[in-house]
Amino acid sequence: MKSLLTTTLLVLVLANVRLGVSFTVIMSDSGAPSSLVDGPQSGLPTSNNGAWTDAREQEAVYDIMRATGNDWATEIPDVCRGRWHGIECMPDKDNVFHVVSLSFGALSDDTAFPTCDIAQSSISPSITKLPHLRTLFFYRCFTNNPQPIPSFLGQLGSSLQSLVLRENDHVGPIPYELGNLTRLTVLDLYRNNLNGSIPVSLGRIIGLRSLDLSCNRLSGSIPNITFPALSVLNLNQNHLTGPLPNPLFTSNSLIKIDLSRNRISGPIPNLTNLKDLILLDLSYNTLTGPLPQSLQGLESLQALILNGNPSMSTTIPETTFVGLDNLMILGLSNMNLEGPIPASLGQLTTLRVLHLDNNRFNDTIPPSFADLDTLSELRLENNRLAGPVPFKRERVWRMGRKLRLNNNLGLCYDTKSGLGDDLDTLSSAGIGHCETANLGPGVSVQHTSTVGDADHMLKSSTKSGAASLAKRGSISRKMIELIVIFLFVLFLF
Ligand SMILES: *[C@@H]1O[C@H](CO)[C@@H](O)[C@H](O)[C@H]1NC(C)=O
Ligand SMILES: *[C@@H]1O[C@H](CO)[C@@H](O)[C@H](O)[C@H]1NC(C)=O
Ligand SMILES: *[C@@H]1O[C@H](CO)[C@@H](O)[C@H](O)[C@H]1NC(C)=O
Ligand SMILES: *[C@@H]1O[C@H](CO)[C@@H](O)[C@H](O)[C@H]1NC(C)=O
Ligand SMILES: *[C@@H]1O[C@H](CO)[C@@H](O)[C@H](O)[C@H]1NC(C)=O
């Protein structure tokens, strides 16, 4: 289970990094929509002749269905027996059915939840007459009829475990009353237009495992609350300010934290408790330095993304990233980082993606980077680096355009390493070889390489130029031959 989750997360993380898309992980055992779709109706025998739906709940379901534009449902004499995808019921000991789950919205092509009439739908207050309701799911339901999240949902506190209101264009604040839903394990309000601050009352939901409030317009600082069982925390793409509250980072069950694209300030908090954390994304905020001396304890961490925190303005302690033995993605772009790149980064041999661009790193690329055998993407552009590029020819060639070196002070290549400016990455960044351009550190080799290294560059460029010309020549000769044959055939007929 854990490894599956890990793999899933990694794939999602990669997708996130590459496409900039966002996503939510809903825990598989918490009433996720997928378990509603094709799963058997738990506890519902096929021949249950004596069972009927609780009359009050039946009326409530009719109201809820009418309020979403699904009047057809009121024709169904017993909603739990003539049920549709999107309603789940359970019998009690007296064989009376109770509604435990309601879902709405066209989640995907293969789900057939009732859809909503988006121009008129609302959530009927009759929902409070379903005292056994565990899961409530509305997806893209009220988009042409923007409305607040009703505070009466707070009355479902004795039963509700999963509340998902995704992409509904809900407006206004998160109702304080949602803090009464103390049995929730999933609260997902992703992509609405919610504003105001995150209510402190949510701190009462001590069993919460997944909290997704991302892609809203929430403001104010993140309250000082702890969720002891929390695994997934998504607050990204809001207008949150203030420092990161330490209590939030003490839940040792956390596996994913995404607080990116807010206006959060202050330093990175103490993360030592987060032994299972796989993804931490704090990018595009206004966090300040210093960086923690050590992140030891985060032994599960696979992706650490801090890009776009220009107020960081600090050096990286040599010890900060030591011991992150599972790290695959490290993003440190645009942070105004200065001084040398720590050589210890070269010990992170699981790294695949490393972004260090748009900082003020000086000195050399650490020779230890030659040990980063699985690296497939490295950005070092727009820094003040000088000296040799420490990679073997094969790695430079493999990374191709995902190795970015342009706009540094004086990077060069050592021909002994097999590198040459026939490699696009080097030639396009104007990088010449170190021996002839041995002008000492800090002196621009790149800008003078065309002069200092002219002979060599000319030779190799004409060599490869001639080769590609010859190739092009042979292709176009073939083309001309074909055209001539074609014209000749045409002429014959
Ligand atoms: C929430 O719970 C408090 C008591 O903890 C109660 O006073 C309040 O009426 C409840 N609100 C709702 C909407 O159920
Ligand atoms: C939230 O948005 C509504 C409009 O939808 C506005 O009237 C209200 O003042 C906003 N509240 C805050 C706290 O920004
Ligand atoms: C959060 O709690 C800490 C002490 O644990 C306190 O110093 C800080 O001011 C609190 N922040 C807020 C926003 O309440
Ligand atoms: C971080 O917290 C742990 C215990 O939770 C503590 O041992 C350690 O000293 C703290 N580190 C810093 C830098 O405060
Ligand atoms: C690199 O930058 C640091 C701080 O920004 C400075 O102290 C150091 O002298 C610089 N080193 C070189 C080789 O330029």
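As a basis for the values below, the full set of heavy atoms in this structure was taken, side chains included, without hydrogen atoms, waters or symmetry mates. Indexing begins at 1, ligand by ligand and atom by atom, following the structure's order.
With respect to D188 and R166, a salt bridge is recorded, a charged nitrogen being found less than 4.0 Å from a carboxylate O.
With L240 as the fixed residue, the side chain to side chain contact (heavy atoms under 4.5 Å, CB included) test singles out one of L259, I222, N285: I222.
Residues satisfying the salt bridge (charged side-chain N to carboxylate O under 4.0 Å, His left out) test with R395, not counting sequence neighbours, are none. In this view, N144 and I118, A119 satisfy the side-chain contact (heavy atoms from CB on, under 4.5 Å) rule, not counting sequence neighbours. Remark: R384 pairs with no residue by the salt bridge (charged side-chain N to carboxylate O under 4.0 Å, His left out) rule, at least two apart or across chains.
Shown in contact with T272 at under 4.0 Å from a heavy atom are these atoms of ligand 4, numbered in order with element: 1 (C), 2 (O), 3 (C). The distance from ligand 2 to the heavy atoms of N195 drops below 4.0 Å at these ligand atoms: 1 (C), 2 (O), 3 (C), 8 (C), 10 (C), 11 (N), 12 (C), 14 (O).
Ring orientation note: the planes of F138 and F104 are close to parallel, at an angle under 30° on the 30°/60° scale.
An N or O contact shorter than 3.5 Å links N270 to ligand 4 by distance.
Protein residues lining ligand 5, listed by chain and number: E338, G339, N362 [non-hydrogen atoms, distance under 4.0 Å].
No more than 12 heavy-atom neighbours from other residues, nucleotides or ligands sit within 6.0 angstrom of CZ on R183.
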